[in-house]
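See structure below.
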2 protein chains.
Amino acid sequence: MRETAGMATDTGDPAPSGRPATSVDVARLAGVSQATVSYVLNDAPGVTISEATRARVRAAAEELGYAPDASARTLRTGRSDIVLMPLPATPMGALVLSLLNELVERLREHRLTLALYGDARSRGVAAARDWMRWRPAAVLVETDRLTAASVRRLHDGGCATVIGFGPAPSPLVPTMVIDDGAIGACAAGHLLGRGRRDLAAIVPAEPGLDAYGARRLAGVTAAAERAGAVARRVDLPFDEDAAAWLAADWATGTGRPDGVFAYNDEYAMLLVRALQDAGLDVPRDVAVVGADDLPLGRFLRPRLSTVRVAGDVTAAGLAGRLARMVAERDRDPAVTVSLTRVEMVPRESS
Amino acid sequence: MRETAGMATDTGDPAPSGRPATSVDVARLAGVSQATVSYVLNDAPGVTISEATRARVRAAAEELGYAPDASARTLRTGRSDIVLMPLPATPMGALVLSLLNELVERLREHRLTLALYGDARSRGVAAARDWMRWRPAAVLVETDRLTAASVRRLHDGGCATVIGFGPAPSPLVPTMVIDDGAIGACAAGHLLGRGRRDLAAIVPAEPGLDAYGARRLAGVTAAAERAGAVARRVDLPFDEDAAAWLAADWATGTGRPDGVFAYNDEYAMLLVRALQDAGLDVPRDVAVVGADDLPLGRFLRPRLSTVRVAGDVTAAGLAGRLARMVAERDRDPAVTVSLTRVEMVPRESS
DNA sequence: TTGTACGCGTTATCAG
DNA sequence: CTGATAACGCGTACAA
């Protein structure tokens with residue numbers, strides 16, 4: 001039945017006008033000037049217009065299916081309602097991507113449009129001037145792609161808000177901090193609490209991911225040291241052979257850690273499988289903790305312990321915050337939003 | 001070390017000018033008229049300009065860090081370089097999301113920008129006029145949100161290309177077909193080939209997903225009928241208790257199918273775990289096939305058989321196709337791009 | 001209370 | 001080959 005919808009009559013306006021209606025068209029139909037149309041539809045402050053006229057204008061706009069041209073408005077006001085998000089250098093992970101779906105919808109409620117910009121490598125002033133071409137209301141970008149000069153340029157150009165995200169607060173702009181160290185520390189704390197003293201942290205051997213892995217490792221190391229335990233770094237590509245090789249090595253028993261933080265749930269699953277194939281018991285011989293709380297981790301044997309991240313950073317909250325910063329022209333670099341509220345989800349694997 | 005980058009000197013232009021440079025600024029600096037600037041930078045056909053002048057203009061543009069204002073250009077030309085993608089009603093799945101990362105980057109190579117639009121529910125003419133506010137070069141949207149009137153409106157408004165995606169080709173616009181039936185048929189063919197005669201297909205009980213599930217089921221049913229076998233529908237929410245209940249029922253033995261297509265890998269993992277907990281052996285008692293070829297499926301016991309989908313639809317190919325359609329103003333509704341080249345990946349679970 | 005006029009930065013036309 | 005000049009659609013002082 002939905003199949004025929006394309007052919008069904010449409011409840012929209014009956015005027016199959018050539019090109020989109022302009023405010024002049026509306027004015028003509030309502031019998032007023034174009035300025036009046038603008039005043040009415042924007043609820044302009046400082047002007048008083050009779051209720052009768054307002055009604056006529058609104059009716060005309062409705063009848064013509066008038067929608068103001070975004071570029072004309074932007075050109076005039078010097079500011080669009082676009083939130084520009086230059087793509088991160090490392091492909092967005094499951095966390096960000098899952099947020100994206102709802103974030104876009106919530107931004108819409110604040111009349112903001114998310115534009116994804118595909119220049120994953122450009123940085124600094126050259127990047128900034130490219131971003132400014134759409135006069136975005138806000139730019140949402142990794143902090144390490146910003147320089148003092150580029151931020152100045154964005155602000156001068158009229159971009160109200162620049163928000164960075166990255167592993168640490170930026171001195172330049174408000175930052176959303178993604179604290180990988182805290183994730184590692186959380187996992188390590190759990191393992192140490194269960195009596196494990198000889199820890200290892202997997203660092204993905206994939207380029208791009210290794211930086212995140214290193215920061216998570218640092219969190220593990222710090223926590224271990226505080227507890228008088230040790231932690232070592234283990235580089236591992238996402239590859240069954242490599243995992244098997246590692247597991248075989250550990251199975252010989254001499255240098256085997258008793259607790260592993262596996263970077264994330266996917267690496268954890270790879271590792272657990274390899275360890276079991278090598279004859280080791282999880283968690284008895286080696287306890288394993290992942291991160292990200294993928295739904296799938298619950299179905300493994302043993303069920304996967306994991307670090308859940310970003311529990312309370314809802315898309316709605318993020319969008320609201322962004323909208324408020326845009327409205328208030330907030331650009332205080334001291335503002336920090338922590339994206340990472342970490343929480344241990346203990347299950348059977350540790 | 002990257003931490004201090006924000007403070008480092010920037011290799012960009014040395015002019016911290018107030019607001020972004022305009023083509024008039026460039027003209028002044030180069031000692032030519034503004035029109036000449038436009039000609040040079042756009043490589044205008046039909047005009048001949050001395051190489052010396054061209055060089056002066058380019059140098060001036062570079063020096064000022066000039067980047068043409070997107071809204072002014074759009075206002076003037078009536079067409080932006082935006083590819084507008086109104087968010088699908090069902091949150092984008094892993095397949096689409098993973099494509100997004102690279103698609104954006106590839107679109108960029110064709111000077112196209114992807115804008116995500118958060119109006120997951122709006123349809124028809126009202127939606128179309130909203131989309132037209134940015135005068136997009138292309139609109140990429142589910143076919144069932146288009147009507148004949150809305151497509152006309154988009155075309156009239158100057159939007160070169162409207163591309164739909166959905167389960168079946170649209171009579172209105174070029175369509176990217178996502179053929180869920182083929183996925184189900186592929187899985188069923190595999191199961192039947194291994195001698196299973198009593199099939200079941202899981203249909204997710206989640207709203208939104210159930211429609212996809214129903215189409216995959218249809219593929220299973222059709223394949224089963226062709227082979228003289230039977231297939232039944234099993235509705236299942238993504239929930240361990242529900243899965244346990246189902247598994248317990250099947251463990252009693254009377255009404256148990258011998259082959260199951262589990263909708264996708266996630267449902268398959270949920271199901272396999274539940275079946276095993278109920279004392280059934282996979283694949284001996286029940287063979288299970290998933291879909292999507294998640295990397296994680298390889299690590300299960302038994303390793304998960306799955307239907308791999310969209311093998312050859314690369315982001316690069318998609319972006320290129322889109323760019324070409326935009327350039328050629330291609331709007332032939334007969335064009336169909338099949339997003340689903342399905343392929344069985346047999347492993348241990350079937 | 002409403003209408004007139006100007007300019008935002010671009011592209012494109014047309015005389016010089 | 002180049003320099004004025006006119007739109008594009010909208011917002012907003014200012015005049016009526």
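Quick note on labels: first sequence line is chain A, next is B, and so on, each numbered from 1.
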If you go through the side-chain atoms of B/R76, does one of them form a donor-acceptor pair with the base of C/dT10 closer than 3.5 Å?
no
Ignoring hydrogens and geometry beyond distance, is the side chain of B/Y39 in donor-acceptor contact with the base of C/dT13 at under 3.5 Å?
yes
First encountered from the 5' end of DNA chain C, between B/A72 and A/A35:
A/A35
Between B/P68 and A/V47, just flag the one whose closest nucleotide in DNA chain C comes earlier from the 5' side.
A/V47
Answer with base, sugar-phosphate or nothing: what part of the nucleic acid does [X] contact at a heavy-atom distance below 4.0 Å?
{"X": "B/V32", "result": "sugar-phosphate"}
{"X": "B/T22", "result": "sugar-phosphate"}
{"X": "A/I49", "result": "sugar-phosphate"}

Starting at [atom1] of [X] and ending at [atom2] of [N], how long is that distance when rounded to a whole Å?
{"X": "B/D81", "N": "C/dT10", "atom1": "CG", "atom2": "C1'", "answer": "14 Å"}
{"X": "B/D43", "N": "C/dA12", "atom1": "CG", "atom2": "P", "answer": "13 Å"}
{"X": "A/L75", "N": "D/dG11", "atom1": "CG", "atom2": "P", "answer": "11 Å"}
{"X": "B/R28", "N": "D/dG3", "atom1": "CZ", "atom2": "P", "answer": "14 Å"}
{"X": "B/M132", "N": "D/dC8", "atom1": "CE", "atom2": "C1'", "answer": "14 Å"}
{"X": "A/R79", "N": "D/dG11", "atom1": "CZ", "atom2": "P", "answer": "14 Å"}
{"X": "B/L64", "N": "C/dG9", "atom1": "CG", "atom2": "C1'", "answer": "15 Å"}
{"X": "A/Q34", "N": "D/dA13", "atom1": "CD", "atom2": "C1'", "answer": "14 Å"}

Is the closest side-chain donor-acceptor distance between [X] and [Y] under 3.5 Å?
{"X": "A/D69", "Y": "B/W134", "value": "no"}
{"X": "A/R73", "Y": "A/N42", "value": "yes"}
{"X": "A/S71", "Y": "A/T74", "value": "no"}

Would you say [X] places a side-chain N or O within less than 4.0 Å of OP1 or OP2 belonging to [N]?
{"X": "B/T48", "N": "D/dC1", "result": "yes"}
{"X": "B/R73", "N": "C/dT11", "result": "yes"}
{"X": "A/S38", "N": "D/dC10", "result": "no"}

Salt bridge (Lys or Arg N to Asp or Glu O under 4.0 Å) assessment of B/D81 paired with B/R108:
CA-CA 10 Å; B/D81 58 2; B/R108 155 99 178 161; over 6 Å; no
Heavy-atom pair with the smallest gap, counting every atom of A/R153 and A/R129
NE-CB, 3.5 Å
Need to verify one output field. Residue with the more 5' nearest nucleotide on DNA chain D, B/T77 or B/T36?
B/T36
When B/R135 and B/T53 are each assigned the nearest nucleotide of DNA chain D, the 5'-most assignment goes to B/T53
If you check every side-chain atom of A/Y66, which of D/dC10, C/dT4, D/dC8 has the closest atom?
D/dC10
Between B/E142 (side chain) and B/G164 (backbone), is there a donor-acceptor pair under 3.5 Å?
no
